[in-house]
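Given the structure is predicted, the values throughout are model-derived calculations rather than measurements.
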Amino acid sequence: MRYFFIFILFFTTYLFADKYELGHGYKVNSALNMGAYFSLDYANGESIDRLRLDDVAVLAYGSLPSNFSYLAEFEAAPFYVKDYKNETSQTNTTLHKERMYLNYSYSDMFNFRLGKFITPIGYWNLEPINVLRDTSSNPLYSEDMFPKFTTGMDTYGYLDEDEQIEYHLFAQFTDDIDKDYINIQNDLFIGISLDYEVSDEIDMGSSVGYYETYEKKEISLAEANAKYDNYPLLLQTEWAYTNIQNNILHVNEYQVGGYLQGMYSINPKNALVSRYEYFKDRQKDVMSENHIGIIGYSYRPMYAVSFKGEYQFNSDSYLDKAIISFSVLF
């Protein structure tokens, strides 16, 4: 744990620096901004009794000459886990390469990104930092149906002058930059994503993709998402289907999953959250089906600090659990 306290001490020194604002990093100059974040959570239920310092990350980003910019993010997760149920603990201080890319901005209609970046699918995956999310837990859909990061290239921009339709064309033809730090290991991933801002309150999108895993599986993905955002109410949903060709067992398998989530803001700092999830996995080595209901509460005293609590009701009651979390973005 000593590395965590050194981490906190280092970034706390910037709290009183000139022009520093919590959550927006420390600006050294236009070419270098430094930031960090961490999240701490506790989960308790019949199947789990665990305290976890999950994400400890540092970031560097900035602008370069000729419309270039960059971002590098290193993360240790889970940094520390205390399992009270099994009376064990473990520490992981290895900083993995979560994101590392170079960006070129040519115009509103054409931009280019090269390196390891967030896979541009849906809404949930585009917010990788816990403090910015509305619940402590992640939907199964976002963890198990597609690689959360892509190592390769992404061409993106708007298809219209009104900036209502945004596109992403992304591709990966190699291993991940840090193949030990990705949810689904793969060496080929291509996809197209579109997002349509219907109005100030309504947004819709869709993605299709194809990837190949180390387990000799060829996976085709189709995804759709929609959002209604009119304060104090926020509704969003994402659903996906994958067709899986298992080249070892020579069988076709599939997954289908998604969620519907609603958040009602009592005031700018307090909110109530609920979510329904469905995830069906028809792979020979898994064969599972889950219905999950979540009710939760979020307290955000400021943009960069979040306290969250939730209770999960699972179709398998043994997996029911309560989760509380605290997260900060520096």
Taking atom types as modelled, is there a side-chain donor on [X] or [Y] under 3.5 Å from an acceptor on the other?
| X | Y | result |
| --- | --- | --- |
| Glu289 | Ser315 | no |
| Thr155 | Arg113 | no |
| Thr119 | Asn125 | no |
| Tyr228 | Asn230 | yes |
| Glu238 | Tyr141 | yes |
| Glu75 | Tyr37 | yes |
| Asn44 | Tyr42 | yes |
| Arg300 | Asn270 | no |
| Tyr123 | Asp203 | yes |

Work out which heavy atom in [X] is nearest to a heavy atom in [Y]; give both atom names and the distance.
| X | Y | answer |
| --- | --- | --- |
| Asp154 | Pro120 | OD2-CG, 4.3 Å |
| Asn111 | Gly157 | ND2-CA, 4.0 Å |
| Ile219 | Thr213 | CD1-CG2, 3.8 Å |

Pairs meeting criterion side chain to side chain donor-acceptor pair (under 3.5 Å) with involvement of residues 320-330, two or more places apart: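 Output for this query lists Asn130-Ser327, Ser136-Ser325, Gln312-Lys321.
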Applying side-chain contact (heavy atoms from CB on, under 4.5 Å), can you list everything that pairs with [X], at least two apart in sequence or on another chain?
| X | value |
| --- | --- |
| Tyr214 | Asp175, Lys179, Gln185, Asp187 |
| Met263 | Asp134, Leu234, Ser265, Ala271, Val273 |
| Ser288 | Asp281, Val286, Asn290 |

Is it the case that over 12 heavy atoms from other parts of the model lie below 6.0 angstrom from the [atom1] atom of [X]?
| X | atom1 | answer |
| --- | --- | --- |
| Phe313 | CZ | yes |
| Met109 | CE | yes |
| Tyr318 | OH | yes |
| Lys216 | NZ | no |
| Lys82 | NZ | yes |
| Leu32 | CG | yes |

Any side-chain heavy atom of [X] within less than 4.5 Å of one from [Y]?
| X | Y | result |
| --- | --- | --- |
| Ile177 | Phe149 | no |
| Asn103 | Tyr156 | yes |
| Arg50 | Asp41 | yes |
| Leu51 | Leu40 | yes |
| Phe79 | Thr93 | yes |
| Tyr254 | Asn252 | no |

Taking the side chain from [X] and the backbone from [Y], do they hold a donor-acceptor pair closer than 3.5 Å?
| X | Y | value |
| --- | --- | --- |
| Asn186 | Ile184 | yes |
| Ser274 | Ile294 | no |
| Asn86 | Thr88 | no |
| Gln172 | Thr174 | yes |
| Thr150 | Gly152 | no |
| Asn183 | Glu143 | yes |
| Asp49 | Lys85 | no |
| Lys97 | Lys116 | no |
| Ser207 | Ile121 | no |
| Asn314 | Ser317 | no |

Lys284/Asn246 under side chain to side chain contact (heavy atoms under 4.5 Å, CB included): CA gap, chis, key distance, verdict: CA-CA 9 Å; Lys284 294 296 183 181; Asn246 189 321; 5.7 Å; no
To the closest 0.5 Å, what do you measure between [atom1] ([X]) and [atom2] ([Y])?
| X | Y | atom1 | atom2 | result |
| --- | --- | --- | --- | --- |
| Asp180 | Thr94 | CG | OG1 | 9.5 Å |
| Glu98 | Ile118 | CD | CD1 | 7.5 Å |
| Asp108 | Asp162 | CG | CG | 11.5 Å |
| Ile244 | Ser220 | CD1 | OG | 9.5 Å |

Do the ring centers of [X] and [Y] come within less than 6.0 Å of each other?
| X | Y | answer |
| --- | --- | --- |
| Tyr299 | Tyr297 | no |
| Phe330 | His24 | no |
| Tyr104 | Phe68 | yes |

Test applied, side-chain hydrogen bond (donor to acceptor under 3.5 Å, both in side chains); reference residue, Thr242; option that passes from Glu253, Gln255, Arg282, Gln283: Gln255
Please work out which of the three classes, parallel, tilted or perpendicular, describes the rings of [Y] and [X], given edges at 30° and 60°.
| X | Y | value |
| --- | --- | --- |
| Tyr101 | Phe117 | perpendicular |
| His291 | Tyr278 | tilted |
| Phe189 | Tyr211 | perpendicular |

Audit row: Leu71, Met100, side chain to side chain contact (heavy atoms under 4.5 Å, CB included) steps and yes/no: CA-CA 6 Å; Leu71 183 145; Met100 184 178 291; over 6 Å; no
Intermediate values then yes/no, side chain to side chain contact (heavy atoms under 4.5 Å, CB included), Phe74 and Val56: CA-CA 8 Å; Phe74 300 90; Val56 173; over 6 Å; no
Residues Arg275, Glu277: salt bridge by 4.0 Å N-O rule: yes
Stepwise side chain to side chain contact (heavy atoms under 4.5 Å, CB included) check, Gln164 with Tyr196: CA-CA 6 Å; Gln164 286 185 295; Tyr196 175 44; 4.1 Å; yes
Ring pair (Phe, Tyr, Trp, His ring centres under 6.0 Å) partners for Tyr259, two or more places apart: Trp124
By salt bridge (charged side-chain N to carboxylate O under 4.0 Å, His left out) - contacts of Asp54 (at least two apart): Arg52
